[in-house]
Each structure stands twice: as structure tokens, then as C-alpha cells.
Amino acid sequence: MLVALVPEADGAGRWQKLHDDGTPAGPAMAATSLASAVASLERAHKPRWIWADTSEVYPPLLAAGVRVDRCWDLHLTEALLLGADGRHREPKELAAAVARELNLPAPADVGPRKKDVELTLFGPDPVVLPGNTDELDALAMVFRAQQRNPALGLLIVAESASALVAAEMTFHGLPWREDVHNAILEEMLGPRTAPGVRPKVLQALADQIREAFGGKEINPDAPASIVRAFAREGIDVPSARRWVLKKIDHPAVEPLLEYKERARLWVAHGWTWLDAWVHDGRFRPDYVVGGVVSGRWASRGGAALQIPRLMRKAVLADDGWCLVAADASQLEPRILAALSGDQRLIEVCGDDDLYSALAEDSFKGERPRAKIAMLSAMYGGTSGEAGPLLAVLRKRFPQAVGYVEAAAQAGEQGRMVRTRLGRTSPSPSDAWRELTGGADDSGEVSSSSRQAARNWGRFTRNFVVQGSAADWTAALLGVLRNRLPANAHLVFFQHDEVLVHCPREDADAAIEAIAAAGREATRLLFGETSVRFPMNAVPVDCYADAK
DNA sequence: AGAAGCGGCGCC
DNA sequence: AAAGGGCGCCGCTTCT
């Protein structure tokens, strides 16, 4: 069963049952408490909820204690459908345009709409909804229009489930111990200072750096200042990047590197971050499902997907609870094996450490070289020894390497590529087409043209692998959230790893659910493939103890 | 004064 | 040892 749902002010709302084809299956109903209406419908029918935007509709329901099983997110779906038609939209433009179509208020943060945004979005034959259309009717109409590409069905369902997971993660929050975080900061920086006031340890390092440059003024926070300071000493450096500085023999280098590391901690995850993002022992970032073109999640605020390893010490389970940390090991090369059907690579995937097996097979047991070769194939690396290593890989695994090289070629020619579940790469810009349009008057293809083509080829090469891996994790999340024990909560997700917070006695059940979800995700994407996708799942008290 | 771009670095 | 793909976010600098 389907139920379309429109929230209204003060926790009220309206809903309407729909048939599977999106036609009305009952009258429109009004509820003064939307949450109780949803709860009772959920108990009775476990419907698939049709709503405009999970990130708007679901959090208030969660806050009222209501969890739902399934949904269909019209925003996310429309983005997938448009992308598949080669009509990508910026998320903000899409949100504004869909809101307009649905006669809903536009998101508050949407600025002036650009002129060239289409006002009619839906389907090959755009539907223009009159301004006075009932919102429930509009939802149903859009839902029906969104059945236009059945090939995307699984992706849409997985994406919508991901949106439920994202809202639930924000709701539960990642356990975060402020006292532990503060202790780390104190150890690395010294006592807390007011915002903008350089902590003692950083000031001491800055003084040391200035001494090393003969007392001349230098701002270690400004890369240009660092480059100038070295130039005064007769040392030319192209930039102030860490790996550049590391190669220099100069007394300022050590304190500079030390300063950079600690300053980064102060600025990105210092006391200001703690005040802004951690409350009542929980870190609650906003996750942006589908925020990356490849289908990976992004986050908004709090740099949720860039938590430094050091700070994971502050992620501690509640008393009597534990964190089950699980990651899909070496996910992307396994995805490539399954996508390409390369039998030899599939055999290599039989090993828990894929790179060791690859090294044994083709690289004289040299694991680092095997890894460089594989990463170069997936990322389009060319520098250093990548070329020869890739040649070895191509000879031994022609199907796998051929798969990514075909994707690269498609990109270089300006064609779109698709992930396993049908997420589609954006088209290159008009400027790109202009630049790569062909030979100039003299018949030469300019180097900037070739470079632009290669750059886009690297993007599409990686897109098929990174995006299909995102397909796989979306399927995993969707399956997992309905398999976990009732008290076990998904509290973190980062590309290929999840954290589950649960009572200790539920840890084994959570681990089993994760393993089962991994198997199911593999089956949903690839059917009865023999590629192995091992999940490492371990119960820990502290996130830093995983791996 | 505020926006935009850049360099840099955290994560996968 | 870095590089090759994807991000978010900071401070600094330059532009408007």
C-alpha cells in the first residue's frame, strides 16, 4: 500500500491512500496529529510513504517517536530520473523547482532562482500544475510521472531508504564524549582559549618558527607567507604543502609541520566545533543523501565525513552499550570485479586481503605495487610507476581494466556513463564541449583540449566504480535498517563503513545483521555473483579501537 | 564589507 | 612517496 503525506503547521497534516499505480485509493484525510496518524497507519499496513522530501518530513515524526518502514522520496527520485535523462540539476535548484511544482514553500535557504531553470520538471512531457492544485493530488501526480523509468526502481527505493537512515542517524546522534574531546584538545593545544586566540602550544610553535627564520615575521597560517620565508633563505618551494616541506632541510620545517597538524585540529575540531556540534553527548550532523554526483553522501556542517582519526577516541558507547564498527573491505576493486565479470579478478576477490592476492597473482608478491596498479586503474593515475604497473594489470585482467577504460573513453568523448543501478554521470559543460570540440583551423588538437578530455575521462572512469560502490552501500543500508535488533541504531555512515550503537547483548545480532545485509546488497546488485564482499564487523567501546 | 577563489588538509 | 577520483571547511587573499 502507498500513502501520500503532506505535513502542515503545528504537527497537523493530510494523507491519502493510493493504489500501486498512484491513483487514489480513498479520500483525502486530515489529522490534527500527523505523527499519531502515521503511527497507526504504520502499525496497520506498513505502507510505502510518498512524500516530497524525507529530510523535511521525517525528522518531526522521529521526534514524536514514530519510525517508518519504507518511503518514496520525490525530490531524490526526481534528481535520479532527471540525471538519467541527461538533465542534472543542482540540488538547490531542484528543491526549489520541485517545491514550486508541489505548491510547497521553497526551502528557506534557496536564493534567487537562476533564469534558465526549467519550471516544468516531470517526465519527457512536462506537466504543469496549476497554482491551486491540491498538494496531495500533486504528490500523486508526481509519483505517477516518476514511474517513467522502471530501470531505476531499485536505485530509487535504495536512495529513499538511505534518506530514512540519514534522518535516523541525525536523530540518534553519534555518541560523543565532550570530556574526552576536551582532554585531547588540552593535550595537543594547551588550555582552552577564547575563539580566535591562539592556544599556548600553537603560539610556542609559531615563536619557534619565527626564530628559525631569524626572527623575521611569518604567518604560519598563510601558505604564501611560508613560501616567502623560505625564499628569503634561498630555498625555492612551489607551495607550502606538507609533503613539499618535508623534503626541505631547514630548522623551521619540523615546527611548521607540527604547527600545521595542531592548528588544523584547533580550527576544524577544536572548542568551537565542540560547542557548535556536540550536545547532550551526541554529535548530530546533517547528512546529504545523494549529495555527491557519484551517489555518495555528503554532509552539511560539522565536517561529519572528515572526523580525524585522533578524535575517534571521543566516540564512546554509552554504559552497557557498544559500537559495532563495520566496513566493507576493499569495496571498490570488488565492485569492479563484479561489474566487469573479470574471472581472474573475481578469483583474487576470494581472498580477504584482495591486494595481497593480487600481488601474489601478478606483482611478485609486492602488495604496495599491486595496490598502486589497482588504484591507478580506478582513478586514472598516470604518474610515476603507475603506467607500467597498469600495463601489467591490463595484461592479466583485460576485462576489468577494459571496463574502466571504456568508461574513461566515454567520458573523453562527452558521453554519459551509468552505475550498476543506473545513476548517471552529468554531461560535461558547454564550455567543455567547446574546448574539446575537435581540431582547430590548423588541424591541431590543443593540449588544453586533450587535457580537458582526459580530465573528464578520469571522472567518468572513477564514477562507474565509486558510484556503483555507493549503489551497493545504499542497498546495504536499506536492508540493514530493517534487520537490526530494535534497540540497535545506525549512528554513522561514511562511504563504506557503518557504526551501530546497541546494547552489548545485541552486538552479535547486529554483526549477523550486517553480514546478512552485505550478502543481500550483493545479490540485489549482481545476482548470483561469486565475487566476495567481506564485511569486517567488530564490537568496540570506542570508535578509535576499530580496525 | 562581503563574496569568491585559492591553498591546504581532514576523510573515503 | 605521491598520485589518480570524490567531498567539506577553514583562513587568507583578492576582487567587487
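Residue numbers begin at 1 in each chain, while the letters A, B, ... track the order of the sequences. Not measured: the values here are computed from a predicted model.
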Nearest-Å distance, CG (L375(A)) to C1' (dG6(C))? 13 Å
Review item, side-chain donor-acceptor pairs of residues 178-193 of chain A, under 3.5 Å, at least two apart:
| residue | atom | partner | partner atom | Å |
| --- | --- | --- | --- | --- |
| D179(A) | OD1 | R177(A) | NE | 2.8 |
| D179(A) | OD2 | R177(A) | NE | 3.4 |
| D179(A) | OD2 | R177(A) | NH2 | 3.1 |
| H181(A) | ND1 | W176(A) | NE1 | 3.0 |
| H181(A) | NE2 | H269(A) | O | 2.8 |
| N182(A) | OD1 | W271(A) | NE1 | 3.4 |
| N182(A) | ND2 | E178(A) | O | 3.2 |
| R192(A) | NH2 | D275(A) | OD2 | 2.6 |
| T193(A) | OG1 | V197(A) | O | 2.7 |

Here the salt bridge (Lys or Arg N to Asp or Glu O under 4.0 Å) pairs for residues 455-474 of chain A, sequence neighbours left out, are none
Which residue pairs pass the salt bridge (Lys or Arg N to Asp or Glu O under 4.0 Å) test with at least one member in residues 415-428 of chain A, sequence neighbours excluded? E159(A)-R423(A)
D496(A) CG to dG6(C) P, in whole Å, measures 17 Å
One should read off an interatomic distance between E211(A) CD and I218(A) CD1, to the nearest 0.5 angstrom, of 12.5 Å
What about E385(A): does its side chain form a donor-acceptor pair under 3.5 Å with the base of dA3(C)? no
Using a 4.0 Å heavy-atom cut-off across all strands, classify R454(A) as base, sugar-phosphate, or nothing. nothing
What's the verdict on side chain to side chain contact (heavy atoms under 4.5 Å, CB included) for Y543(A) and L174(A), showing C-alpha distance, side-chain angles and the deciding distance? CA-CA 10 Å; Y543(A) 186 22; L174(A) 181 62; 5.6 Å; no
Taking any heavy-atom pair under 4.0 Å as a contact, classify K260(A): base, sugar-phosphate, or nothing. sugar-phosphate
Test applied, salt bridge (charged side-chain N to carboxylate O under 4.0 Å, His left out); reference residue, D353(A); option that passes from R334(A), K371(A), R532(A), R367(A): R367(A)
Just checking R241(A): base, sugar-phosphate only, or nothing, at a heavy-atom cut-off of under 4.0 Å? sugar-phosphate
Can you give each donor-acceptor pair under 3.5 Å made by side-chain atoms of residues 384-394 of chain A, sequence neighbours left out, with the distance rounded to 0.1 Å?
| residue | atom | partner | partner atom | Å |
| --- | --- | --- | --- | --- |
| E385(A) | OE1 | R369(A) | NH1 | 2.6 |
| R394(A) | NE | E405(A) | OE1 | 3.3 |
| R394(A) | NE | E405(A) | OE2 | 3.3 |
| R394(A) | NH2 | E405(A) | OE2 | 2.8 |

Keeping to residues at least two apart or across chains, list the salt bridge (Lys or Arg N to Asp or Glu O under 4.0 Å) pairs with something in residues 228-246 of chain A. none
Counting the atoms with a prime plus P, OP1 and OP2 as sugar-phosphate, which does L331(A) contact under 4.0 Å by heavy atoms, base, sugar-phosphate, or nothing? nothing
Can you tell me how far apart CZ (F533(A)) and CH2 (W472(A)) are? Round to the nearest 0.5 Å. 7.0 Å
Short of 4.0 Å, heavy atom to strand atom, which residues of residues 390-418 of chain A count as contacting DNA chain B? none
Sorted by first residue and then second, give each side-chain hydrogen bond (donor to acceptor under 3.5 Å, both in side chains) pair with at least one member in residues 283-299 of chain A; sequence neighbours left out. S294(A)-Q466(A)
Pick base, sugar-phosphate or nothing for R309(A), based on heavy-atom distances below 4.0 Å to the nucleic acid. sugar-phosphate
Using whole Å, report how far CZ of R461(A) lies from C1' of dG6(C). 15 Å
In residues 191-215 of chain A, what residues come within less than 4.0 Å of DNA chain B, judged by heavy atoms? none
Start and end of chain A contact along DNA chain B [non-hydrogen atoms, under 4.0 Å]: dG7(B) to dC12(B)
Atom pair CZ/OG of R454(A) and S449(A) - distance to nearest 0.5 Å: 9.5 Å
Using the rule for Phe, Tyr, His and the six-membered ring of Trp, do Y379(A) and dG5(C) stack at under 5.5 Å and under 30°? yes
Classify the nucleic acid contact of Q466(A) as base, sugar-phosphate or nothing, counting any heavy atom under 4.0 Å across all strands shown. base
Report the distance from atom CZ of R296(A) to atom P of dG8(C), rounded to the nearest whole Å. 12 Å
Tell me every residue that passes ring-ring contact (aromatic ring centres under 6.0 Å, His included) with F213(A), counting only those two or more places apart in sequence or in another chain. F230(A), H250(A)
Distances for protein N or O near nucleotides 9-12 of chain C N or O, under 3.5 Å:
| residue | atom | partner | partner atom | Å |
| --- | --- | --- | --- | --- |
| dC9(C) | OP1 | G301(A) | N | 2.4 |

Please step through side chain to side chain contact (heavy atoms under 4.5 Å, CB included) for the pair V267(A) and D221(A), ending with a clear verdict. CA-CA 11 Å; V267(A) 162; D221(A) 292 317; over 6 Å; no
What's the spacing between L205(A) CG and L256(A) CG if we round to 0.5 Å? 9.0 Å
Without decimals, in angstroms, what is the distance between E366(A) CD and dA1(C) P? 17 Å
Rounded to whole Å, the NZ-P distance (K371(A) to dA3(C)) equals 15 Å
L389(A) atom CG is separated from dA2(C) atom P, nearest whole Å, by 17 Å
Quick one: does S429(A)'s side chain have a donor or acceptor within less than 3.5 Å of a partner on W432(A)'s backbone? yes
Using a cut-off of 4.0 Å on non-hydrogen atoms, how would the nucleic acid contact of A298(A) be classed: base, sugar-phosphate, or nothing? sugar-phosphate
Starting at CD1 of I372(A) and ending at P of dA3(C), how long is that distance when rounded to a whole Å? 12 Å
How long is the gap from CG on L323(A) to CG on D545(A), to the nearest 0.5 Å? 10.0 Å
Just to be sure I understand the rule, does V465(A) reach a base, reach only the sugar-phosphate, or reach nothing, if contact means heavy atoms closer than 4.0 Å? nothing
What does A377(A) touch in the nucleic acid at a heavy-atom separation under 4.0 angstrom: a base, only the sugar-phosphate, or nothing? nothing
NA contact type, E497(A), heavy-atom cut-off 4.0 Å: base, sugar-phosphate, or nothing? sugar-phosphate
Going from CG on L336(A) to CD1 on I346(A), what distance comes out if it is rounded to the nearest 0.5 angstrom? 10.0 Å
Quick check against the 3.5 Å criterion: does D342(A) have a side-chain atom that pairs as donor or acceptor with the backbone of Q399(A)? yes
Which of residues 224-231 of chain A have a heavy atom under 4.0 Å from DNA chain C? none
